[in-house]
Amino acid sequence: MIRTVEETAAAFARAFARSSSLWLAEEAARRRGCAGAAAAPAEDAATQEAAHEASAFPLERPLGRVTEAEAAAGLVELKRLSTEWRRFGEAPGWTVSWRAVRWRGLGVKTELPARIAVDSPESLCRVLHALRVPGIPSPEGWAAALERVLELIDRFARLDGVAKDQRPTEGRARILNLLKALRPTGVHSSSDMADEDFRRLIDVAGWLLEHPDSGLFVREIPVEGVDTKWFETHRTALFRLWNFARGVMGEPAAASPAEFLAAAGLREKPVFVRVRHAGHWTGGDPDEVVQLTLERLAADPTDPADAPAVLIIENEQTGLSVETDPSVPILIGLGYGVAALRNVPWLAQRRILYFGDLDTHGLAILAECRRALPQTESVLMNRAVWEEWRRLAAQEPVPVAKRPVGLTAEEAALFDALKAVKGRLEQERIPLAVVNRAVAEVLSGEAHRPEAPQN
């Protein structure tokens, strides 16, 4: 049967989602004199399809065929679809090809739409945006995205250093690599990043590249509107743009966003860890609670070798109240900062127990802890505990979008159950006696050891 306008618009929208960054790259390469080279071989079928679409304008889609039996059952619908496609083919930049058909049994001879073609991304955006297809920008939005890409190229791709005869290869490769690096960040889209944030992004990246050993804190970067919150919100985009530019310059890059500050020559604020049972470091009361810098926790000459395990507890009240042997250091309230514990070498040789809120963020922090310390075991973070105490739960305001990698099957089942109802059971709501018993059982070996995390 003939496809409807809505079905075909959805197919073009999928092509836009797959290939729009490549379309931007190809148009930018043309405007900067870097067009003409064949695309590099793609690694998978989806990338191959996107690469084909990037150079396939006019972009075409078949509209289907109709058998005589289908025509007999739906002549009125065929007439309606034909009228709709004739009107659609009048849109600038769009062409509908027609096929003559004859059904002898019906005594009908007519033309039916066979293929639809669009000549450019601009024409595609003009019509699909007017049809309110989700994810499709207006023609003005597409033009603005292209201008952003061209500005990024001019600031960071260093095409002026590429010989003219190398531009279709080396120059085009740089443009494609820039778009590939920035595509996940939405930098080129005003709907994903406001204009003022885009301006700050390129100004900050440019300043960092010009001052690779500044030794400044983030708040001291001399770019208007930049503070710690802005920097952390845009850290991944900065990291990707800075890494790309450093690669073009032939300079070392950062391995991850977490290492970006140090690699970019910025000074990091000391990380403080609240520690209960801190006698190992202070030599005083074994139940003392102190704030230690991460460096002190990692490098203090006092040997914590007699500590059988380390307990990481998210919330302050539980961390200060849980009863366990004073030889077990308790690290309190790290949140997502738990990732910094990878810089404490002796922790890799200890049992690590983690107990956080039973919500999606608590499990995401657990996964982050396990990435830093793969031997991490969770305490009371399973569906059975959730079901037993869910009557005391509240609603989680903004759950984690996607289940994190690194949870056990039991923890993953809890994540799915919590996300389904936006459930949040703060760890303080679980009676302290239950927590004390669970910690004691894990430390004594009475509780079963968890299975290995899933990939």
Side-chain angles (χ1 to χ4, degrees), residues 148 151-158 161 174 177-188 192-275 291-300 331 333-345 347 364-365 367-369 371-373:
R148 284 192 179 187
E151 184 167 1
L152 288 165
I153 291 168
D154 293 342
R155 286 286 297 268
F156 301 105
R158 296 185 171 228
R174 288 188 188 182
N177 287 336
L178 173 62
L179 268 292
K180 181 179 179 181
L182 293 180
R183 180 183 178 184
T185 69
V187 164
H188 59 273
D192 292 327
M193 179 177 286
D195 288 340
E196 57 269 25
D197 289 325
F198 176 73
R199 300 249 62 84
R200 290 189 191 110
L201 179 84
I202 60 175
D203 288 346
V204 171
W207 190 90
L208 291 174
L209 290 164
E210 293 170 6
H211 303 83
D213 301 301
S214 69
L216 299 182
F217 287 114
V218 166
R219 284 181 175 271
E220 297 176 310
I221 296 174
V223 175
E224 184 178 352
V226 174
D227 56 18
T228 304
K229 183 176 181 180
W230 183 93
F231 193 95
E232 289 304 317
T233 300
H234 299 91
R235 180 193 282 252
T236 298
L238 277 169
F239 157 73
R240 287 176 170 271
L241 180 54
W242 183 87
N243 255 12
F244 165 80
R246 293 279 288 184
V248 170
M249 296 163 64
E251 298 290 343
S256 70
E259 299 173 6
F260 173 49
L261 262 69
L266 294 171
R267 188 178 174 190
E268 298 191 63
K269 292 191 302 182
V271 176
F272 288 94
V273 182
R274 196 171 193 190
V275 184
Q291 291 268 84
L292 300 178
T293 64
L294 193 67
E295 290 75 15
R296 175 92 185 274
L297 186 67
D300 194 284
L331 312 185
L334 286 165
Y336 284 100
V338 73
L341 294 180
R342 63 168 48 90
N343 298 313
V344 181
L347 288 177
I365 295 170
E368 192 69 34
C369 185
R371 276 191 286 274
L373 300 164

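Taking the side chain as every heavy atom from C-beta outward, L294 and P270 never approach each other to under 4.5 Å. Proximity of L208 to L266: side-chain heavy atoms (C-beta onward) are separated by under 4.5 Å at one or more points. In this structure, W230 and I221 have side chains that are not in contact, with every pair of non-hydrogen atoms separated by 4.5 Å or more. Side chains of V223 and F231 form no contact here, defined as non-hydrogen atoms less than 4.5 Å apart. You'll find the side chain of M249 reaches within 4.5 Å of the side chain of L209, heavy atoms only.
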Side chains of residues 337-344: which donor-acceptor partners sit under 3.5 Å, not counting sequence neighbours?
| residue | atom | partner | partner atom | Å |
| --- | --- | --- | --- | --- |
| R342 | NH1 | A339 | O | 3.2 |
| N343 | ND2 | A340 | O | 3.4 |

Quick one: side chains of residues 239-246, donor-acceptor pairs under 3.5 Å with protein atoms, not counting sequence neighbours, listed by atom name and distance.
| residue | atom | partner | partner atom | Å |
| --- | --- | --- | --- | --- |
| R240 | NH1 | A181 | O | 2.9 |
| N243 | OD1 | A254 | N | 2.8 |
| N243 | ND2 | A254 | O | 2.9 |
| R246 | NE | P252 | O | 2.8 |
| R246 | NH2 | P252 | O | 3.1 |

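Sorted by first and then second residue, the salt bridge (Lys or Arg N to Asp or Glu O under 4.0 Å) pairs with a member in residues 200-216 read R155-D203, D197-R200; sequence neighbours excluded.
With sequence neighbours excluded, no residue forms a side chain to side chain donor-acceptor pair (under 3.5 Å) with R183. Shown here are the side chain to side chain donor-acceptor pair (under 3.5 Å) partners of E151, two or more places apart in sequence or in another chain: R199. R158 meets the side chain to side chain donor-acceptor pair (under 3.5 Å) test with no other residue; sequence neighbours excluded. Listed by chain and number, the residues in a side chain to side chain contact (heavy atoms under 4.5 Å, CB included) with K229 are D227, T233 (sequence neighbours excluded). The side chain to side chain contact (heavy atoms under 4.5 Å, CB included) test applied to F217 returns E220, R267, K269, not counting sequence neighbours. Every residue two or more places apart in sequence or in another chain that forms a side chain to side chain contact (heavy atoms under 4.5 Å, CB included) with T293 is listed here: F272, E295, R296. For E232, the salt bridge (Lys or Arg N to Asp or Glu O under 4.0 Å) partners are R235, not counting sequence neighbours.
The two residues F156 and I202 make their nearest non-hydrogen contact at CZ-O, 3.6 Å. Closest of all the heavy-atom pairs between A237 and L201 is CB-CD1, 3.9 Å. Minimum heavy-atom separation, T185 to V187: OG1-CG2, 2.9 Å.
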Inset, instruction - List the steps and the verdict of side chain to side chain contact (heavy atoms under 4.5 Å, CB included) for H234 and V204. - result: CA-CA 11 Å; H234 299 91; V204 171; over 6 Å; no
Inset, instruction - Output, in order, the C-alpha distance, side-chain angles, deciding distance and verdict of side chain to side chain contact (heavy atoms under 4.5 Å, CB included) for L182 and H188. - result: CA-CA 8 Å; L182 293 180; H188 59 273; 5.8 Å; no
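A distance of 7.0 Å separates NZ of K180 from CG of N177, quoted to the nearest 0.5 Å. In this structure, the separation between CE on M193 and CG on D195 is 10.5 Å, given to the nearest 0.5 Å.
Under a cut-off of 6.0 angstrom, the local environment of CD in E196 is crowded, with over 12 non-hydrogen atoms contributed by other residues, nucleotides or ligands.
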